Amino acid sequence: MTHPDAPAGDAEYAVVIPTLGRPSLRTCLHALAEASGPGPVRVVLVDDRTDRARTFLTADVPPSLRSRTLVVPGGARGPAAARNLGWRAAGDVPWIVFLDDDVVPGPTWGDDLTLDLAAATDRTAGITARIEVPLPTDRRPTDWERNTAGLATAHWITADMAYRRAALAAVGGFDERFRRAFREDADLALRLLDAGWTLTGGRRTTTHPVRPAGRWISVRLQAGNADDVLMTRLHGRHWWRRAEASRGRLPVHLAVTGAAVTALGCALLGRPRPAAACAAAWLAGTAEFALARILPGPRTRDEVLTMVLTSVLVPPAATWHWLRGQLAHRTARPHTPFGTGEPAPAPRPKVGERLRS
């Protein structure tokens with residue numbers, strides 16, 4: 001990228017990347033360095049690992065970015081907290097561009113970003129990138145690949161999202177109660193819209209590869225149901241419509257799990273007919289869920305086995321995390337919009353480590 005002084009003052013930006021030190025960070029940073037157009041004033045890497053002594057992030061930073069790169073300890077409190085640390089450590093720049101550490105900015109990313117920022121109005125809080133998810137061309141995508149492909153149509157995801165620093169300060173940044181990379185972006189977007197800001201789409205393009213995942217990834221992802229409970233507490237029952245987010249299958253998962261629990265209870269109480277009826281309802285619900293995931297996929301032996309096993313486990317996992325969210329967020333109060341939209345004071349970040357070229 002060209003010299004950071006190239007963009008106009010109101011188009012200067014810093015890049016903030018929360019990271020767990022994954023190998024993809026090197027690819028992301030090198031793509032950022034090689035993209036055409038004005039470069040960032042600063043790059044802030046928020047090291048959110050629990051054990052920072054394992055490896056140093058210095059080796060992942062290309063030489064052209066090292067003099068502008070700052071490493072900040074994140075405390076392993078999740079991406080929302082890490083991004084807050086990052087944008088507050090980035091200095092007094094008009095724009096903060098959040099990137100995930102597993103994305104690849106396009107070859108003209110810097111030029112396209114400059115055009116995105118130049119087109120922003122005074123009330124534009126954020127500008128999202130166009131996310132591309134490469135899928136296999138020689139077969140149907142797996143369930144996990146289809147899940148990742150949903151990022152291409154998601155609204156306001158922080159895989160590549162530019163936010164005006166004044167807007168972040170006005171609403172207090174990300175809500176750090178969201179400990180996973182899930183819903184913290186939608187929550188921030190809704191709070192900014194409530195405060196009178198606008199959000200828009202940009203022209204820059206960023207690739208989000210499908211990262212490797214194990215057999216049980218769909219079961220682990222059900223932890224997001226607890227975050228959905230928090231979203232409902234903060235933004236009301238219909239928040240997903242405003243955020244243009246997928247509602248998911250939670251109502252069906254609750255019904256299928258309820259049928260299984262009732263079948264077991266009736267069997268223990270010696271009531272075979274109700275037990276059989278509820279067991280049949282559970283089996284029908286589980287089979288429908290498995291088929292809905294198998295039919296669009298490659299239908300290989302391993303994929304079918306994974307879908308069958310996880311289709312049995314996903315509904316109770318979703319139910320468990322939903323109940324856990326109800327308990328954990330029972331005292332959360334509805335979001336109250338900021339009336340003025342003026343920046344709120346933010347705590348000063350801890351001193352980070354600046355890299356040397």
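Computed over heavy atoms, backbone and side chain alike; hydrogens, waters and symmetry mates excluded. Treat the numbers as computed from the prediction; the structure is a model and nothing was measured.
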Path from [X] to [Y] over hydrophobic side-chain contacts below 4.5 Å:
X    : Y    : value
L151 : V104 : no
V312 : L283 : yes
F289 : V219 : yes
V103 : L57  : yes
I96  : L70  : yes

Indicate yes or no: at least one non-hydrogen side-chain atom of [X] is less than 4.5 angstrom from one of [Y].
X    : Y    : answer
T128 : D160 : no
M307 : V314 : no
H208 : I157 : no
L193 : L199 : yes
V46  : T19  : no
F98  : L168 : yes
W320 : N225 : no
I17  : L29  : yes

Practice task
Mind running salt bridge (charged side-chain N to carboxylate O under 4.0 Å, His left out) on R183 and D227 for me, showing each step along the way?
Solution key: CA-CA 7 Å; R183 302 304 190 203; D227 298 312; over 6 Å; no
Is there a donor-acceptor contact under 3.5 Å from the side chain of [X] to the main chain of [Y]?
X    : Y    : value
T142 : E145 : yes
T257 : L254 : no
R165 : G91  : yes
R330 : L327 : yes
R233 : V229 : no
R66  : V61  : yes
R204 : W109 : no
R68  : P40  : yes
Q222 : R220 : no
E303 : D143 : yes

Reported [atom1]-to-[atom2] distance for the pair [X] and [Y], which is rounded to 0.5 angstrom:
X    : Y    : atom1 : atom2 : value
D92  : E12  : CG    : CD    : 9.5 Å
R241 : R247 : CZ    : CZ    : 7.5 Å
L230 : H329 : CG    : NE2   : 4.5 Å
I127 : W156 : CD1   : CH2   : 10.0 Å
L221 : W216 : CG    : CH2   : 14.0 Å
L113 : W95  : CG    : CH2   : 9.0 Å

Determine the minimum heavy-atom distance between [X] and [Y], stating which atoms define it.
X    : Y    : answer
A80  : D175 : CB-O, 3.5 Å
T262 : C278 : CG2-SG, 3.5 Å
D101 : P18  : CB-O, 3.8 Å
A267 : A275 : N-CB, 3.7 Å
D48  : P79  : OD2-N, 4.3 Å
A89  : R42  : O-CD, 4.3 Å

Practice task
Carefully, step by step, assess V256 and H253 under the rule side-chain contact (heavy atoms from CB on, under 4.5 Å).
Solution key: CA-CA 5 Å; V256 169; H253 291 333; 5.8 Å; no
Side-chain donor-acceptor pair under 3.5 Å between [X] and [Y], yes or no?
X    : Y    : answer
T158 : R83  : yes
R293 : S218 : yes
T121 : T124 : yes
W239 : T232 : yes
R215 : T306 : yes

Handout entry: R180 charged N/C atom sitting above F178 aromatic ring, 6.0 Å / 45°
Key =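 Not flagged: R180 not positioned over aromatic ring of F178.
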Exercise for the section: Report the C-alpha separation of R77 and L85 in whole Å, then their side-chain angles, then the decisive distance to 0.1 Å, and conclude whether the side-chain contact (heavy atoms from CB on, under 4.5 Å) test is met. Expected result: CA-CA 11 Å; R77 294 185 294 125; L85 284 170; 4.1 Å; yes
Problem - Salt bridge flag under 4.0 Å for residues D102 and R22 - result: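 Looking at R22 together with D102, the answer is yes, because their closest N to O distance falls below 4.0 Å.
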Problem - Full working for side-chain contact (heavy atoms from CB on, under 4.5 Å) between L190 and M231 - result: CA-CA 10 Å; L190 292 181; M231 287 292 291; 4.0 Å; yes
Practice task
Applying side-chain hydrogen bond (donor to acceptor under 3.5 Å, both in side chains) between D187 and each of H335, R177, H235, report the one that passes.
Solution key: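 Between D187 and the candidates, side-chain hydrogen bond (donor to acceptor under 3.5 Å, both in side chains) is satisfied uniquely by H235.
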Handout entry: Y163 and F174 aromatic ring geometry - parallel, tilted or perpendicular at 30°/60° bounds
Key =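 Rings of F174 and Y163: perpendicular, over 60°.
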Problem - Residue pair D122, R164: steps toward the salt bridge (charged side-chain N to carboxylate O under 4.0 Å, His left out) verdict - result: CA-CA 10 Å; D122 290 341; R164 193 182 294 274; 5.4 Å; no
Exercise for the section: Take V16 and L99 through the test side-chain contact (heavy atoms from CB on, under 4.5 Å) and record every step on the way to the result. Expected result: CA-CA 6 Å; V16 172; L99 295 178; over 6 Å; no
